[in-house]
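Note sheet for the following structure.
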2 protein chains.
Amino acid sequence: MATATVSGLHHPEVDELRLEGVLHALSDPIRLTMVRALAARVEPCACGSIDVPVSKSTRTHHWRVLRENGLIRQVERGTTKLTELRRDDLDARFPGLLDVVLRG
Amino acid sequence: MATATVSGLHHPEVDELRLEGVLHALSDPIRLTMVRALAARVEPCACGSIDVPVSKSTRTHHWRVLRENGLIRQVERGTTKLTELRRDDLDARFPGLLDVVLRG
DNA sequence: AACAAAGTTCGACGTCTCTCGTACTACAAT
DNA sequence: ATTGTAGTACGAGAGACGTCGAACTTTGTT
């Protein structure tokens, strides 16, 4: 039962978040579903536990887009990846945006 | 000196606006520039008067994307096209979104 | 009538995106 | 040790996207 480790996954800093990138990440229906599902959780959750109608590898692709554009944070733990919304960061950088999307 | 005529241009109704579409329309740097420039005007303006570093035909393409996704309204007048942001519609459907984008 | 100005249409091109399956790695459980 | 589970890597295909130039349409001006 190892503790969550800081992995080599690339996450942009708060001040590196680009609006175009964030909007692009959110403009895909599958990713929108993922973000909303994530928002409905309190704790970080295994990214595989959110089911969307695409294959496993496509899911990996979408999680990467979300991560690289600063929407989510992921840490590896064991065989799974704990995933959470970067609520605070997003609210700090683009106040109101997440609210709109989650209300959507 | 013809009055502005209601043209055959397709504009989605307020309740037809899709969040994915709006976000996609806004996720391009050129279009973001266009929207912000439009927001800085009070009156509808000729779409050609907003200059962006792309060719005339590419500009046409971007205006169409913005129009078809409900970001702008265009009416033909003479040889030009009066273009304006659909502020009210966007605020009604996705409150706060435009603010975020314009604050950027 | 002739010309200029504002946009559109069309075809083309290269790139990015979404999708998949297969093969692979890493950890966990029996 | 073997098997199972969670996810990644890679290569490939189809389609969407952004870009351009050239030709065209429509309207306004001289």
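Below, chain A is the first sequence line, B the second, and so on; all start at residue 1. Bear in mind the structure is a predicted one, so any value in this text is a computation, not a measurement.
No donor-acceptor contact under 3.5 Å links the side chain of B:Thr79 to the base of C:dG7.
Side-chain proximity of A:Asp28 to C:dT9, D:dC10, C:dC18: nearest is C:dC18. Comparing D:dG7, D:dC20, C:dG7 against the side chain of B:Thr58 picks out D:dC20 as the nearest. Of the candidate nucleotides D:dT8, C:dC20, C:dG7, C:dC20 has the atom nearest to the side chain of A:Ser55. In the set D:dG21, D:dG7, C:dT19, C:dT19 carries the atom at the smallest distance from any side-chain atom of A:His61. The side chain of B:Lys56 approaches C:dA6 more closely than any other nucleotide in the set D:dT19, D:dA22, C:dA6.
Taking each heavy atom of B:Val52 and B:Arg59 in turn, the nearest pair found is CG2-CG, 3.8 Å. For A:Gly104 against B:Phe94, the heavy-atom pair with the smallest separation is O-CE2, 4.5 Å.
One atom, CH2 of B:Trp63, and another, P of D:dG18, lie 15 Å apart when rounded to the nearest Å. The separation between B:His24 atom NE2 and C:dC16 atom P is 15 Å, rounded to whole Å. We find that CD of B:Glu20 is positioned 18 Å from P of C:dT17, with the value rounded to whole Å. Rounding to whole angstrom units, CZ of residue A:Arg77 and C1' of C:dA26 are separated by 16 Å. Computed from coordinates, the A:His62 NE2 to D:dA6 P distance equals 20 Å when rounded to whole Å. Between the CD1 atom of B:Ile30 and the C1' atom of D:dT19 there is a distance of 10 Å, rounded to whole Å. Per the geometry, CZ belonging to B:Arg59 stands 8 Å off P belonging to C:dG7, to the nearest Å. Rounded to a whole Å, the CG atom of B:Leu23 is 16 Å from the P atom of C:dT17.
At the phosphate of C:dG7, OP1 or OP2 sits under 4.0 Å from a side-chain N or O atom of B:Thr80.
Just one of B:Asp91, B:Val22, B:Leu90 meets the side-chain contact (heavy atoms from CB on, under 4.5 Å) condition when paired with B:Leu97; it is B:Val22.
Two residues, A:Val54 and B:Arg67, neighbour DNA chain C, and the one matched to the more 5' nucleotide by heavy-atom proximity is B:Arg67.
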Self-check item: Full working for side-chain contact (heavy atoms from CB on, under 4.5 Å) between B:Asp89 and B:Arg73
Solution: CA-CA 10 Å; B:Asp89 290 343; B:Arg73 183 177 292 108; 2.9 Å; yes
Quiz item: After noting the C-alpha distance and the side-chain angles of B:His24 and B:Arg31, does the key distance pass the side-chain contact (heavy atoms from CB on, under 4.5 Å) rule?
Solution: CA-CA 10 Å; B:His24 166 247; B:Arg31 288 193 292 262; 3.9 Å; yes
